[in-house]
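As structure tokens, the structure follows; a few thoughts come after it.
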Amino acid sequence: MIDGKGAAAVGLPGQERWTRSGVRLRRVSGADGRWNWLFVPGGPGLGSESLLGLARAVEVPGTVWLVDLPGDGSNRSVPQIPESPYELWPQVLAETVDELDDVVMVGHSTGGMFMLATPELEGRLAGLALVSSAPHAGWRETFAQWALAHPLPGLEEAAAAYGQDPNDRTLRALTLIAAAWNFTPAALADGRAVLEGLPYCQDAVAWADTHFDDTYQARWTPAASSVPTLVVSGSQDRVVDQSLWYQDAAFDRPHVLRRTIENASHFPWLEDPHAVRTAFADLTALLERT
């Protein structure tokens, strides 16, 4: 397995399964409790390997699974993947709920946006956790302005190489150059180690760039279904503007917990795993009262 220090096998041996349309679930851990926790990665293109540290840090009751959409991350070139997997994105996520009982879905960044863009999930989840995510695409303009004001050495060259030949290799190089935007200085070394071990998938990035990123708007919210929800993020997240949650009344409900991890960034479990674990414990307590 990887834990932020490099790449290796992910999940327990013999604990992989696919839905009928090629969504892959990999079982990471199991503990007492009825919940099935499904961790959906951001990016896209980074793969669920990016969430292994989070999946371990939260120490939630029940069974923990890493989820990869068909054609994302390392979930490629296997017989279970359909010929045109991106045509199924992101609504294919709904298939995962049919696979298991008492599902709590956890989405990081774009993964959370994929979840909120899939109205078929409404009323079918036991719980929801949105980590460093957003309710709509307004975060992109804010990030673009911030990035312009905070250039990084070598970024212009890496972006040009990626633009001329977008592939998994140039995507990886660009992401590693931009690592400082995703982590606080204290977590940068560990963050780079995580990024270095990921599979990368340019085809997934290209799909999102054309079909999702600029037009994303949540198509359902926890307001109507009263599903227990956790919105958690780092106070220093410069990638996805977290103030957007406070501008949306649908996320201002008694069953929506909002937790800010101080001195943490876009991957807050790297800076403060204990605080993230506490936030998920609060969600678990809410689930058990529901």
* Asked: Would you call the rings of F114 and W207 parallel, tilted or perpendicular, where under 30° means parallel and over 60° means perpendicular?
  ->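 Aromatic pair F114/W207 classed perpendicular.
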* How are the rings of H266 and H108 set to each other: parallel, tilted or perpendicular (split at 30° and 60°)? ->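 Taking H108 first and then H266, their aromatic rings sit tilted (interplane angle of 30° to 60°).
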* Please name the pair of heavy atoms, one in A279 and one in L230, separated by the smallest distance, quoted to 0.1 Å. =>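 Taking every non-hydrogen atom into account, O-CD2, 3.7 Å.
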* A180 to L152 - nearest heavy-atom pair and separation ->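 Nearest heavy atoms, A180 then L152: CB-CD2, 4.0 Å.
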* Do V28 and W18 belong together in a cluster built from hydrophobic side chains that touch within less than 4.5 Å? ->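 No; tracing contacts between hydrophobic side chains, which count when under 4.5 Å, never links both residues.
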Testing the 3.5 Å rule here: is there a donor-acceptor pair between the side chains of [X] and [Y]?
X: R56; Y: S29; result: no
X: E99; Y: T19; result: no
X: T221; Y: R253; result: no
X: E95; Y: S21; result: yes
X: R219; Y: Q217; result: no
X: D165; Y: T170; result: no

* To do: Run the numbers on F183 and L270 for side chain to side chain contact (heavy atoms under 4.5 Å, CB included), then give the verdict.
  => CA-CA 8 Å; F183 310 101; L270 285 179; 3.5 Å; yes
* Asked: Less than 4.0 Å between a side-chain N and a carboxylate O, is that true for D241 and R140?
  ->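 Result for this pair is no, no salt bridge flagged.
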* To do: Output yes when E120 and R124 qualify as a salt bridge under the 4.0 Å nitrogen-oxygen rule, no when they do not.
  =>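 A salt bridge is absent here (no side-chain N lies under 4.0 Å from a carboxylate O).
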* Check: G22 main-chain N/O paired with N75 side-chain donor or acceptor under 3.5 Å ->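 Yes.
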* Donor-acceptor pair, S50 side chain versus L46 backbone, under 3.5 Å? ->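 A pair under 3.5 Å: no.
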* Asked: What is the distance from atom CZ of R172 to atom SG of C201, rounded to the nearest 0.5 Å?
  ->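 R172 atom CZ to C201 atom SG measures 15.0 Å (nearest 0.5 Å).
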* Output the distance between atom CZ (R259) and atom OG (S233), rounded to the nearest 0.5 Å. =>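 The distance works out to 11.5 Å.
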* Taking the six-membered ring for Trp, are W89 and F212 ring centroids under 6.0 Å apart? ->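 No, too far apart.
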* Start with the C-alpha gap between W245 and H136, add the side-chain angles, then the distance that decides, and say whether ring pair (Phe, Tyr, Trp, His ring centres under 6.0 Å) holds. => CA-CA 9 Å; W245 298 114; H136 57 74; 8.9 Å; no
* For a side-chain contact (heavy atoms from CB on, under 4.5 Å) with M115, tell me which candidate from L125, T110, L121, L38 qualifies. =>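 Exactly one candidate clears the test, L121.
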* Would V276 and V58 satisfy side chain to side chain contact (heavy atoms under 4.5 Å, CB included), going step by step from the backbone distance to the final call? -> CA-CA 7 Å; V276 172; V58 293; 4.2 Å; yes
* **Residue pair T63 / R27, side-chain heavy-atom distance below 4.5 Å** =>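 A side-chain contact exists here, since the closest heavy-atom pair is under 4.5 Å.
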